[in-house]
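Position 1 is the first residue of the sequence, and the numbers go up from there.
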Amino acid sequence: MVQVTPFLLVLSLALVAPGLSARKCVLTGRWINDLGSNMTIGALNGKGEFSGSYHTAVSTTTNEIQISPLQGSQHRTNQKSQPTFGFTVNWSFSDSVTVFTGQCFVDQDGKEILKTMWLLRSHVDNIKDDWKATRVGINVFTRLRSQE
């Protein structure tokens with residue numbers, strides 16, 4: 001019986017370990033990025049589309065920051081546990097729009113992380129100012145846990 005115990009331990013680890021590493025990253029929920037901005041992503045529909053809201057912590061406008069709507073889409077390959085996605089934020093308080101693209105990852109500690117890159121297009125009054133109308137950047141989002 002003593003020799004069977006190590007075998008059963010190895011067998012149980014072999015059966016359980018794949019389930020631990022295959023944790024699925026889910027976009028739905030509340031997120032915070034490295035700059036303190038918050039977003040909420042609603043449930044995906046059958047086409048992989050979602051909507052939500054974005055509350056930025058940073059802005060170059062002097063207008064009061066407001067919560068802004070977002071619309072997006074997740075790649076619908078169900079077999080993928082770390083899906084790619086994209087969404088657009090139509091800023092409620094300025095004449096600009098931002099598009100984000102990224103991937104949802106689960107790190108080695110089981111923490112969900114959204115790695116994103118974005119393009120922000122601001123309104124300019126003249127085509128000669130077009131050169132300064134688009135900005136590019138990256139953000140890393142982590143799941144925002146509700147306070148209980």
Side-chain angles (χ1 to χ4, degrees), residues 9-148:
L9 179 60
V10 170
L11 179 61
S12 64
L13 285 174
L15 293 173
V16 173
L20 294 176
S21 64
R23 182 161 178 242
K24 188 171 181 135
C25 192
V26 178
L27 286 178
T28 302
R30 296 176 54 220
W31 300 88
I32 187 167
N33 73 15
D34 44 319
L35 298 175
S37 299
N38 291 282
M39 72 173 168
T40 301
I41 296 177
L44 276 67
N45 67 18
K47 297 178 183 177
E49 300 164 338
F50 58 87
S51 61
S53 61
Y54 198 105
H55 189 241
T56 186
V58 295
S59 175
T60 59
T61 182
T62 57
N63 297 339
E64 180 183 348
I65 293 175
Q66 299 173 14
I67 295 174
S68 299
L70 70 80
Q71 295 287 326
S73 180
Q74 175 183 305
H75 194 265
R76 292 183 355 169
T77 307
N78 292 334
Q79 299 88 335
K80 303 291 184 196
S81 61
Q82 301 187 118
T84 56
F85 61 89
F87 62 88
T88 301
V89 179
N90 186 1
W91 300 109
S92 299
F93 57 91
S94 69
D95 292 333
S96 59
V97 65
T98 302
V99 292
F100 288 79
T101 186
Q103 187 168 354
C104 189
F105 291 100
V106 177
D107 72 8
Q108 65 275 8
D109 298 324
K111 188 166 118 180
E112 293 169 298
I113 298 172
L114 305 181
K115 297 281 285 186
T116 67
M117 178 169 253
W118 51 263
L119 291 172
L120 167 71
R121 177 63 188 212
S122 298
H123 172 82
V124 290
D125 292 324
N126 188 310
I127 196 168
K128 292 177 185 175
D129 292 328
D130 184 62
W131 66 271
K132 65 180 180 179
T134 303
R135 297 179 182 162
V136 62
I138 59 170
N139 283 124
V140 177
F141 292 84
T142 54
R143 188 167 296 281
L144 187 60
R145 300 288 177 200
S146 58
Q147 296 177 342
E148 299 175 40

From F100 CZ over to L119 CG, what is the distance, rounded to the nearest 0.5 angstrom?
-> 10.0 Å
Keeping the roles fixed (side chain from R143, backbone from I32), state whether a donor-acceptor pair exists under 3.5 Å.
-> no
Answer yes or no: is there a side-chain heavy-atom contact under 4.5 Å between T101 and T116?
-> no
When you measure from the side chain of S37 to the backbone N and O of A57, does any donor-acceptor pair fall under 3.5 Å?
-> yes
Minimum-distance pair of heavy atoms, taken over all atoms of E112 and K24 = OE2-O, 3.8 Å
Beyond-backbone contact of F105 with K115, side-chain heavy atoms, under 4.5 angstrom = yes
Scan residues 123-141 for pairs that pass salt bridge (Lys or Arg N to Asp or Glu O under 4.0 Å), counting only residues two or more places apart or in two chains.
-> R121-D130
Could you list the residues that satisfy side-chain hydrogen bond (donor to acceptor under 3.5 Å, both in side chains) with N139, not counting sequence neighbours?
-> D34, W118
Test side chain to side chain contact (heavy atoms under 4.5 Å, CB included) applied to F50 and N45, L70, T28, the passing residue = L70
Between atom CD of Q82 and atom SG of C25, what is the distance when rounded to the nearest 0.5 Å?
-> 6.5 Å
In chain order, what residues pass the side-chain contact (heavy atoms from CB on, under 4.5 Å) check against Q66, with sequence neighbours excluded?
-> S92, F93
Is there a side-chain contact between M39 and L114 (heavy atoms, below 4.5 Å)?
-> yes
Can any side-chain N or O of W31 pair as donor or acceptor with the backbone N or O of L27 at less than 3.5 Å?
-> yes
Of all the heavy-atom pairs spanning D107 and D109, show the shortest one and how long it is.
-> OD1-N, 2.9 Å
Drop me the distance from T142's OG1 to I113's CD1, to the nearest 0.5 angstrom.
-> 7.5 Å
Any side-chain heavy-atom pair from V26 and C104 closer than 4.5 angstrom?
-> no
Assess whether atom CG of L35 is packed by more than 12 heavy atoms of other residues, nucleotides or ligands within 6.0 Å.
-> yes
In Å, rounded to the nearest 0.5 Å, how long is the span from CD of Q103 to CD of Q74?
-> 10.5 Å
Rounded to the nearest 0.5 Å, how far apart are CZ of F141 and CD1 of I41?
-> 8.0 Å
One should read off an interatomic distance between S68 OG and Y54 OH, to the nearest 0.5 angstrom, of 10.0 Å
